[in-house]
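In what follows, a structure is listed as structure tokens, so that the remarks can point back to it.
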Amino acid sequence: MGEQAYVNTDREIWRETKDDYYAPSIHVTADGKIGIDIGGYVFVKDVRDWHKLADKCSCYEKALEAE
């Protein structure tokens, strides 16, 4: 990567610990996607994709409970 400067257009909507920039956080990107940062590792997805992911996990957990 070069030394290119970028403008941060994300809007933070939640941070676990105020003013702790290493704390888990949630932000919304300029194009409306939701980013979740845990330990500096960020996943960014459309709200529908986050919902699908949560639904898959929920179904998987229910299947495990049924065993």
Side-chain angles (χ1 to χ4, degrees):
M1 294 179 103
E3 294 186 25
Q4 179 77 23
Y6 294 93
V7 175
N8 184 355
T9 59
D10 295 355
R11 184 171 42 100
E12 185 174 280
I13 59 172
W14 177 83
R15 179 167 296 277
E16 187 175 63
T17 306
K18 185 180 177 182
D19 296 329
D20 177 356
Y21 295 100
Y22 297 99
S25 63
I26 301 172
H27 62 273
V28 179
T29 65
D31 61 355
K33 294 181 179 175
I34 298 170
I36 299 177
D37 179 354
I38 304 287
Y41 195 65
V42 182
F43 287 99
V44 179
K45 297 184 178 300
D46 179 88
V47 68
R48 289 168 188 81
D49 292 334
W50 279 118
H51 195 274
K52 286 179 199 173
L53 182 60
D55 189 41
K56 283 182 189 177
C57 292
S58 176
C59 291
Y60 178 71
E61 289 170 1
K62 289 176 186 173
L64 288 177
E65 290 172 2
E67 290 182 349

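Hydrogens, waters and symmetry mates are skipped; everything else that's a heavy atom, side chains included, is used.
Put simply, CD on Glu16 and CD1 on Ile38 are 7.5 Å apart, with the number rounded to the nearest 0.5 Å. Atom CD1 of residue Ile36 and atom CH2 of residue Trp14 lie 9.0 Å apart, to the nearest 0.5 angstrom. Residue Tyr22 holds its OH atom at 11.0 Å from CZ of Arg15, rounded to the nearest 0.5 Å. In this structure, NZ in Lys33 is found 9.5 Å from NZ in Lys45, a value given to the nearest 0.5 Å. Rounded to the nearest 0.5 angstrom, Ile34 CD1 and Thr29 OG1 are separated by 9.0 Å.
When all heavy atoms of Trp50 and Phe43 are compared, the closest pair comes out as CZ2-O, 3.6 Å. Closest non-hydrogen pair, Asp10 versus His27, comes out as OD2-CD2, 3.0 Å.
Residue Val44 is not grouped with residue Ile26 when hydrophobic side chains (ILVMFWY) are merged at heavy-atom distances under 4.5 angstrom, including chains of intermediate members. A continuous path of ILVMFWY side-chain contacts below 4.5 Å connects Tyr41 to Leu53, so both sit in one hydrophobic cluster.
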